Protein chains: 2
Amino acid sequence: MCARAGRGIQVCVELDQLDRAIIRELVEDARATYAEIGQRVGLSAPAVKRRVDRLQEKGAIKGFTVRVDPAALGWTTEAYVELFCRGKTSPADIATAVARNPEVVSACTITGEADALLHIRATDMRHVEQVIERIAAEEFVVRTKSSIVLSRLVDTPLPTS
Amino acid sequence: MCARAGRGIQVCVELDQLDRAIIRELVEDARATYAEIGQRVGLSAPAVKRRVDRLQEKGAIKGFTVRVDPAALGWTTEAYVELFCRGKTSPADIATAVARNPEVVSACTITGEADALLHIRATDMRHVEQVIERIAAEEFVVRTKSSIVLSRLVDTPLPTS
DNA sequence: GCTGAAAGATCACGCAG
DNA sequence: CTGCGTGATCTTTCAGC
């Protein structure tokens, strides 16, 4: 994933400072015009477009989307669920089981006592309960441990530095 | 946040099916043209734009961004950290402390044994350790419990239903 | 990086439920 | 009275060079 740049400095997929500046701008406002972005980072509009296209081809930019307020769409309740699985459960098993539940917005295998951690968004507490029940019913799940989110303090897709 | 609609049915900030369809399209590709979105949802381009503007004013749409591959930017390591705080620690205290660390991409107070759960993105394991140390050094933090992410299975901003 | 042709955004206006 | 569609105009994109 990471390659060695000309000067011998470790750089990830060859992103220079201009690429990073462009991405910063796009994270802020992905509908800004190329001319506007170019002005901020010191490039012409076509140059910005070429770099954005290249970043998309390289996979650094995976697409453009909209920042939505979950509450406005009715997703007012969220929970984190630790999954304790039996002996030989593969990440793939967990992935397929979890993929059947659209309410699971994030899932990963982790170190520690639990095997996986899920992040669930639901419409209300009853809905959360239903999702947890459905997941707990999977044959490889031994036990679950849930934490309801009381208040969200931070939510950004990436570190802002 | 939620208001009562004409017929007495509970609707969140008055989003109808067309608004939801438009948001679905924008989540998929926020750089799609209004004409293209209009074609998919059965509206003209100006009508789509008007609705998008209105959704932004209402706060349902908070902005447009780019989906970035964290690994491409060097954020290859992630961890979840449970925070155990002393007696009377307010969410605001946690928020301000956590805000000093850009590596914390998500933070919330939760039910259960721990008081808060943080999601950290870092460049490597040493970096994770540094961030945890810095947070653990906060005066109100009694103890932390960390889980390193082994492999990410799911990562979407919102439920896809 | 610049330029020109093609495409999209945006606005005012007229019209329907 | 709110909301959609149409057509004119202005801006942006994008492929030459």
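Letters go in sequence order (proteins before strands), and every chain restarts at 1. Everything numeric in this text was worked out from a predicted model, so none of it was measured. Reckoned from all heavy atoms, side chains included, excluding hydrogens, waters and symmetry mates.
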Measure the acute angle between the ring planes of His127(A) and Trp75(A), then classify it against the limits of 30° and 60° as parallel, tilted or perpendicular.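 Judged by the thresholds at 30° and 60°, the geometry between His127(A) and Trp75(A) is tilted.
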Of Val48(A) and Arg31(A), the one whose closest DNA chain C nucleotide lies more 5':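 Final value for this comparison: Val48(A).
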Can you figure out which of [options] approaches the side chain of [X] most closely?
| X | options | answer |
| --- | --- | --- |
| Ser44(B) | dC2(C), dG5(D), dC4(D) | dG5(D) |
| Arg50(A) | dG3(D), dC2(C), dG8(C) | dC2(C) |
| Tyr34(A) | dG3(D), dT13(D), dG1(C) | dT13(D) |

Evaluate whether atom CD of Glu133(A) has more than 12 neighbouring non-hydrogen atoms of other residues, nucleotides or ligands under 6.0 angstrom away.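 Enclosed.
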Residue from Lys58(A), Arg24(A), Arg51(A) passing side-chain hydrogen bond (donor to acceptor under 3.5 Å, both in side chains) with Asp19(A):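 Of Lys58(A), Arg24(A), Arg51(A), side-chain hydrogen bond (donor to acceptor under 3.5 Å, both in side chains) with Asp19(A) is met by Arg51(A) alone.
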Do the charged groups of Arg54(B) and Glu14(B) touch, with an N to O distance under 4.0 Å?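 Glu14(B) and Arg54(B): not salt-bridged.
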Return the value, rounded to whole Å, for the distance between atom [atom1] of [X] and atom [atom2] of [N].
| X | N | atom1 | atom2 | result |
| --- | --- | --- | --- | --- |
| Ile22(B) | dG3(D) | CD1 | P | 12 Å |
| Ile37(A) | dC14(D) | CD1 | P | 12 Å |
| Glu14(B) | dG3(D) | CD | C1' | 15 Å |
| Asp53(B) | dC4(D) | CG | C1' | 15 Å |

For a quick check, tell me whether the side chain of Arg54(B) and the base of dG3(D) share a donor-acceptor pair closer than 3.5 Å.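 No pair found.
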Any side-chain N or O of Lys49(B) under 4.0 Å from OP1/OP2 of dT10(C)?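 Lys49(B) to dT10(C) OP1/OP2: side-chain N or O found under 4.0 Å.
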